[in-house]
K.L.:
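Let me give you the structure first, and then I'll get to my questions.
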Amino acid sequence: MSLTFYNTLTRKKDAFEPIDPRNVRMYVCGPTVYDYAHIGNARPVIVFDLVFRLLRHVYGADHVTYVRNITDVDDKINARAADEGCSIRDLTERTAQQFHADIAALGVLAPTVEPRATEHIDEMKVLCAQLVDKGHAYVAEGHVLFDVASMADYGRLSNRSLEEMEAGARVEVAPYKKGPMDFVLWKPSKEGEPGWPSPCGIAGDGRPGWHIECSAMAGKHLGDVFDIHGGGIDLAFPHHENEIAQSRCAHDTDIMAGVWMHNGFLQVEGEKMSKSLGNFITIHELLDGKTFGGSQWHGRVVRWAMLGTHYRQPIDWTAERLQQARATLFEVAEILHGVEPAEAPNGEVLAALSDDVNTPSALSIVHGLLKSARRNPEKRPELKATLQFMGLYGDETVRELDPGRSDSDVDAGAIDELIAARLSARRDKNWAEADRIRDRLAAMGIVLKDAKDPASGEIVTTWELAR
């Protein structure tokens with residue numbers, strides 16, 4: 001099976017050819033651990049988990065290295081620790097544990113390596129020294145800064161000239177910078193901030209800039225050039241652009257990564273997510289049912305809803321999207337719980353995913369498989385293997401998929417009315433309407449049982465709560 005990915009660097013979809021098929025390497029920018037991760041952070045975690053699964057399937061689990069970092073030295077971390085009156089180490093440890101717990105619920109695999117920035121300070125200092133020695137960086141007032149003008153094709157990833165970037169960027173104005181776009185590789189530590197002995201002959205302690213961290217960690221664990229670098233589209237400039245500049249200039253390479261993959265933005269109910277609008281949602285809140293849609297959402301439901309939109313497209317995060325995903329998973333659980341999975345996923349689904357991770361197409365095929373599996377139990381093992389491959393189902397029961405529901409939430413009268421409407425639609429051979437009502441009832445966690453009345457020959461439908 002061959003893979004194709006859209007490459008932000010080439011602006012087209014290319015056939016994926018790893019540098020070494022026996023050692024396929026991917027780096028994805030991870031969280032800055034100072035607070036609960038929000039639902040926008042969940043998107044790259046889920047998307048690149050699926051890419052990881054694809055790579056493992058094609059090249060073998062032992063031949064893929066996935067690195068997703070943790071940033072544990074940053075201005076936001078320093079500020080939050082000061083606000084809470086706790087140590088930076090206590091804050092980052094606690095928040096990293098929160099992150100791990102939340103994303104585990106989303107069905108993601110652990111990365112091969114999860115490096116922390118503070119464990120790679122020496123590598124960052126070496127990069128700083130290399131860049132200064134090669135004329136791509138300079139020391140000024142206790143800082144090491146990258147000299148953007150020294151790199152002829154800076155801006156290639158974002159496809160913007162230096163003049164365009166200068167006009168549109170919000171850059172720190174500092175008298176010691178040679179050019180307005182020059183960015184910090186190392187800076188002095190202020191009192192109370194973490195610090196390490198500075199590189200390049202600078203006196204006193206300092207700490208790294210954000211961009212140098214990922215260059216150092218990627219280089220340490222994946223080499224000077226590797227296969228795939230991923231992250232949200234918001235990171236393409238300046239973060240990924242600056243990573244490329246640092247790594248290429250330090251190592252004298254034409255590229256840092258062969259493929260650059262970026263997932264699109266996320267908005268909530270048609271609006272940009274922000275705390276000021278009151279629609280800022282963390283993964284933890286979704287899982288705990290503290291906000292959004294008045295429900296407690298299972299991690300598999302969140303994952304299914306997230307993959308319903310192609311990863312490169314913007315996604316509108318809505319309660320309706322989650323409700324539809326949960327209704328489908330209720331159906332899945334009803335027929336697949338306890339079923340032994342087949343040895344391999346469905347080939348059509350794999351083909352769709354191999355085409356730039358086309359999850360909408362893959363899920364459309366899955367819905368067809370689900371419809372077939374309802375009628376034919378022999379189809380169920382393959383469906384289960386397919387959903388497990390995508391991380392969408394882990395043999396949960398319906399009750400587990402809707403942990404916040406109680407029997408008192410059920411309106412028996414409303415359910416009886418819907419069942420009567422469905423029977424009427426079936427008598428009129430309006431199968432689409434009958435299916436729509438069945439799906440609505442499934443979304444409520446209602447299991448229908450159709451049976452023929454021996455006396456009248458009519459279909460009689462009874463119902464029960466899914467367990």
Side-chain angles (χ1 to χ4, degrees), residues 23 25-34 37 44-45 48 65-78 81 87-97 99-100 110-134 136-137 139 142-146 183-189 193-202 204-231 235 238-253 256-257:
N23 183 21
R25 291 159 287 164
M26 178 171 70
Y27 184 91
V28 176
C29 293
T32 300
V33 285
Y34 70 98
V45 170
F48 291 104
T65 302
Y66 173 26
V67 178
R68 187 189 64 223
N69 77 291
I70 286 181
T71 295
D72 57 353
V73 52
D74 182 83
D75 290 340
K76 292 178 180 177
I77 294 172
N78 298 339
S87 72
I88 288 170
R89 171 58 70 177
D90 286 346
L91 174 66
T92 57
E93 286 295 327
R94 182 180 77 243
T95 315
Q97 289 177 9
F99 174 74
H100 288 143
T112 315
V113 185
E114 191 177 51
R116 294 187 177 224
T118 53
E119 297 169 354
H120 295 74
I121 299 297
D122 287 344
E123 288 81 4
M124 297 174 204
K125 290 161 68 173
V126 168
L127 276 177
C128 289
Q130 288 175 324
L131 289 166
V132 170
D133 289 345
K134 294 179 180 184
H136 291 293
V139 175
H143 294 72
V144 183
L145 298 114
F146 186 86
F183 57 89
V184 171
L185 305 176
W186 189 268
K187 55 187 172 183
S189 293
E193 292 181 343
W196 296 264
S198 296
C200 306
I202 299 171
D205 289 348
R207 58 191 179 95
W210 175 34
H211 312 303
I212 198 77
E213 296 177 6
C214 283
S215 283
M217 288 183 279
K220 167 77 172 182
H221 297 284
L222 299 176
D224 296 351
V225 178
F226 51 93
D227 296 298
I228 300 172
H229 195 310
L235 298 181
H239 184 52
H240 290 166
E241 196 76 76
N242 291 349
E243 276 190 66
I244 290 172
Q246 297 160 159
S247 296
R248 283 185 52 199
C249 290
H251 304 309
D252 297 318
T253 58
M256 178 186 182

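A quick note: this is a predicted structure, and the numbers were derived from the prediction, not measured.
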K.L.:
Do the non-hydrogen side-chain atoms of F226 and M256 ever get within less than 4.5 Å of each other?
P.N.:
yes
K.L.:
Given the rule in the side chain to side chain contact (heavy atoms under 4.5 Å, CB included) test, do I70 and H100 qualify, once you have shown the distances and angles that lead to the verdict?
P.N.:
CA-CA 11 Å; I70 286 181; H100 288 143; 4.0 Å; yes
K.L.:
Counting distance only, does the side-chain N/O of R25 pair as donor-acceptor with the main-chain N or O of N23 below 3.5 Å?
P.N.:
yes
K.L.:
Please examine the side chains of T112 and H221, heavy atoms only from C-beta on, and report whether any two atoms are closer than 4.5 Å.
P.N.:
no
K.L.:
Are the side chains of W186 and P199 in contact, using a 4.5 Å heavy-atom criterion?
P.N.:
yes
K.L.:
Let me confirm one number: the NE2-CG distance from H136 to L145, rounded to the nearest 0.5 Å.
P.N.:
15.0 Å
K.L.:
Within the structure provided, determine whether F48 and M26 are in side-chain contact (heavy-atom separation under 4.5 Å).
P.N.:
yes
K.L.:
Can you give me the closest heavy-atom contact between K187 and P208, atom names plus distance?
P.N.:
CE-O, 4.3 Å
K.L.:
State, to 0.1 Å, how close V33 and I77 come at their nearest heavy-atom pair, and which atoms those are.
P.N.:
O-CG1, 3.8 Å
K.L.:
Please check if the number of heavy atoms outside K76 that lie under 6.0 Å from its NZ is greater than 12.
P.N.:
no
K.L.:
Could you report the tightest heavy-atom contact between N69 and C214, atom names first, then the distance?
P.N.:
OD1-SG, 4.1 Å
K.L.:
Taking all heavy atoms of R68 and all of P115, pick out the closest pair and write down the distance.
P.N.:
O-CD, 3.7 Å
K.L.:
Within the structure provided, determine whether Q130 and H251 are in side-chain contact (heavy-atom separation under 4.5 Å).
P.N.:
yes
K.L.:
When rounded to the nearest 0.5 angstrom, what is the spacing between NE2 in H211 and CG in L235?
P.N.:
10.0 Å
K.L.:
Go through the steps to decide whether W210 and N242 satisfy the test side chain to side chain contact (heavy atoms under 4.5 Å, CB included), and finish with yes or no.
P.N.:
CA-CA 10 Å; W210 175 34; N242 291 349; over 6 Å; no
K.L.:
List in chain and number order the residues that pass side-chain hydrogen bond (donor to acceptor under 3.5 Å, both in side chains) with D205, two or more places apart in sequence or in another chain; answer none if no residue qualifies.
P.N.:
none
K.L.:
Drop me the distance from R116's CZ to T71's OG1, to the nearest 0.5 angstrom.
P.N.:
11.0 Å
K.L.:
If the test is salt bridge (Lys or Arg N to Asp or Glu O under 4.0 Å), which one of D74, D75, D72 qualifies with R207?
P.N.:
D75
K.L.:
Using 30° and 60° as the class limits, which term best fits the ring planes of F183 and F146: parallel, tilted or perpendicular?
P.N.:
parallel
K.L.:
Distance-only, no hydrogens or angles: does the T92 side chain make a donor-acceptor pair with backbone N or O of R89 under 3.5 Å?
P.N.:
yes
K.L.:
Do Q246 and L127 make a side-chain contact, defined as non-hydrogen atoms from C-beta onward lying under 4.5 Å apart?
P.N.:
no
K.L.:
Do K125 and C200 make a side-chain contact, defined as non-hydrogen atoms from C-beta onward lying under 4.5 Å apart?
P.N.:
no
K.L.:
Counting only N and O atoms by type, is there a donor-acceptor contact under 3.5 Å from the side chain of H143 to the main-chain atoms of V139?
P.N.:
no
K.L.:
So which heavy atom on C29 is nearest to which on H229, and how close?
P.N.:
SG-CE1, 3.6 Å
K.L.:
Between S247 and S215, what is the shortest heavy-atom contact and its length?
P.N.:
OG-OG, 2.9 Å
K.L.:
How long is the straight-line distance from NE2 of H120 back to CD of E213, given to the nearest 0.5 Å?
P.N.:
11.0 Å
K.L.:
Is the backbone N or O of G204 less than 3.5 Å from a side-chain atom of S198, with the two atoms forming a donor-acceptor pair by type?
P.N.:
yes
K.L.:
Find out whether E123 and M217 are in side-chain contact, i.e. whether some heavy atom of one side chain is under 4.5 Å from a heavy atom of the other.
P.N.:
no
